[in-house]
Amino acid sequence: MFAKWNREDKFIALTLVGSLSGVTIGALLRNPAVFGISTFVLMTAFVAVTFWWRSPRLMWLMLFGAVVGFGELWSDWLHVEVLRSLVYTDYFGFRIMASPSYMPFGWWFTAVQFGYIALRLAEVWGPRRALALVTLLGMSIPPWYEEFAAPARAWYYPPHGPMLSHTPVWIILTYGGCMFSIGTMAWVWYREGAWGRAIVAGIFAAAGIAYSALVFYQIFL
């Protein structure tokens with residue numbers, strides 16, 4: 001994929017493995033607490049490494065991801081409280097709006113990961129191919145979090161339209177839209193040290209997440 005992997009590439013790849021490992025262990029143990037524990041462990045490691053390396057790109061993505069993560073709470077609230085299309089069965093201690101306490105941090109980290117992938121791929125292949133691949137990766141990797149959430153007893157989706165095992169097809173397509181939004185906003189707005197641009201990009205990306213979820217839900221309703 002890259003001519004030469006740098007240490008940031010390897011670190012982001014490692015965090016993706018960590019994210020998948022966390023949800024897999026949660027499903028095997030049938031313990032939703034593993035989702036929260038793995039999220040906070042990975043976030044702590046990311047923050048520590050970012051400041052240790054003093055990486056401008058990772059620092060920018062950290063702010064961008066924070067805005068995305070907490071902005072996504074509105075989308076969760078809509079689907080839990082209004083549309084009743086999502087049911088959380090564990091909150092890892094307490095709720096933030098309608099979401100488990102770890103959920104904005106999970107989305108924070110996901111935005112960092114896919115924002116980084118979009119930026120790096122755009123350097124190698126150009127933005128069009130990069131964003132196309134990020135969209136496909138979005139429909140391939142994060143849906144596994146959904147798939148393992150049901151056996152882990154963390155959350156589930158009441159059937160709405162066609163299902164792929166535990167996961168509605170509209171959720172899989174939504175993830176494609178979400179990662180396209182995250183990748184696009186990261187690519188368009190990223191400038192080293194431009195913290196205001198990170199906040200604006202995060203707001204637009206969170207809006208894109210909400211829009212994608214609502215559109216694909218309505219299509220398959």
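Quick note: numbers below take in every heavy atom, side chains included, and nothing from hydrogens, waters or symmetry partners.
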So for atom [atom1], which belongs to [X], do other residues, nucleotides or ligands contribute more than 12 heavy atoms lying within a distance under 6.0 Å?
X      : atom1 : answer
Trp170 : CH2   : yes
Tyr211 : OH    : no
Phe204 : CZ    : no

Do [X] and [Y] belong to the same hydrophobic cluster, where Ile, Leu, Val, Met, Phe, Trp and Tyr are linked whenever their side-chain heavy atoms lie under 4.5 Å apart, directly or via other members?
X      : Y      : answer
Tyr116 : Ile199 : yes
Val41  : Leu14  : no
Val87  : Phe35  : no
Leu29  : Val23  : no
Val124 : Ile117 : yes

Within the structure provided, determine whether [X] and [Y] are in side-chain contact (heavy-atom separation under 4.5 Å).
X      : Y      : answer
Leu78  : Leu83  : yes
Ser101 : Tyr91  : no
Phe114 : Pro142 : yes
Trp107 : Ile209 : yes
Val82  : Trp77  : yes
Met43  : Trp108 : yes
Trp189 : Val200 : yes
Phe94  : Ile96  : yes

Does the [X] side chain pair with the main chain of [Y], one donor and one acceptor, at a distance under 3.5 Å?
X      : Y      : answer
Arg197 : Tyr190 : no
Trp187 : Ala118 : no
Ser55  : Thr50  : no
Thr89  : Arg153 : yes

Residues Arg120 and Asp9 bridged, charged N to O under 4.0 Å
yes

Taking Glu123 first and then Arg57, would you say they form a salt bridge - that is, a charged N and a carboxylate O separated by under 4.0 Å?
yes

Please state whether the rings of Trp155 and Tyr88 are parallel, tilted or perpendicular, taking 30° and 60° as the class boundaries.
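If you compare the ring of Trp155 with that of Tyr88, the planes turn out perpendicular.
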
Fit a plane to each ring of Tyr217 and His79, take the angle between them on a 0 to 90° scale, and name the class: parallel (under 30°), tilted (30 to 60°) or perpendicular (over 60°).
perpendicular

If every non-hydrogen atom of Trp5 is compared with every non-hydrogen atom of Ala13, which pair is closest and at what distance?
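Closest approach of Trp5 to Ala13, heavy atoms only: CZ3-CB, 3.8 Å.
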
Identify the heavy atoms of Ser75 and Ala213 that sit nearest to each other, and give their distance.
OG-CB, 3.9 Å

Do you know which of Val169, Ile172, Thr174 makes side-chain contact (heavy atoms from CB on, under 4.5 Å) with Pro143?
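Going through the options one by one, the only one that passes is Ile172.
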
Would you give the length of the straight line joining atom [atom1] of [X] to atom [atom2] of [Y], rounded to the nearest 0.5 angstrom?
X      : Y      : atom1 : atom2 : value
Thr184 : Leu131 : OG1   : CG    : 4.0 Å
Ser85  : Leu214 : OG    : CG    : 9.0 Å
Met179 : Thr110 : CE    : OG1   : 5.5 Å
Leu42  : Tyr102 : CG    : OH    : 13.5 Å

Do Trp144 and His166 make the cut of ring centroids closer than 6.0 angstrom?
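When the ring centroids of Trp144 and His166 are compared, they turn out to be at least 6.0 Å apart.
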
Before we go on, tell me: are the rings of Phe109 and Phe46 under 6.0 Å apart, centre to centre?
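Ring centroids of Phe109 and Phe46 are less than 6.0 Å from each other.
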
Walk me through whether Phe70 and Phe105 qualify under ring pair (Phe, Tyr, Trp, His ring centres under 6.0 Å).
CA-CA 8 Å; Phe70 283 89; Phe105 300 94; 5.4 Å; yes

Taking only residues two or more places apart in sequence, or in another chain, which ones meet Ala27 in a side chain to side chain contact (heavy atoms under 4.5 Å, CB included)?
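In terms of side chain to side chain contact (heavy atoms under 4.5 Å, CB included), with neighbours along the sequence ignored, Ala27 is linked to Phe148, Pro151.
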
Is it the case that Arg7 places NZ or CZ above or below the six-membered ring of Trp53, under 6.0 angstrom from the centre and within 45 degrees of the axis?
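Relative to the ring axis of Trp53, which defines the angle, Arg7 lies inside both limits.
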
Walk me through it: do Ser19 and Gln113 pass the test side chain to side chain contact (heavy atoms under 4.5 Å, CB included)?
CA-CA 10 Å; Ser19 296; Gln113 292 168 326; 3.3 Å; yes

Could you please spell out the steps behind the salt bridge (Lys or Arg N to Asp or Glu O under 4.0 Å) verdict for Arg95 and Glu81?
CA-CA 13 Å; Arg95 291 167 48 139; Glu81 300 292 345; 3.0 Å; yes

Donor on one side chain, acceptor on other, Glu146 and Tyr156, under 3.5 Å:
no

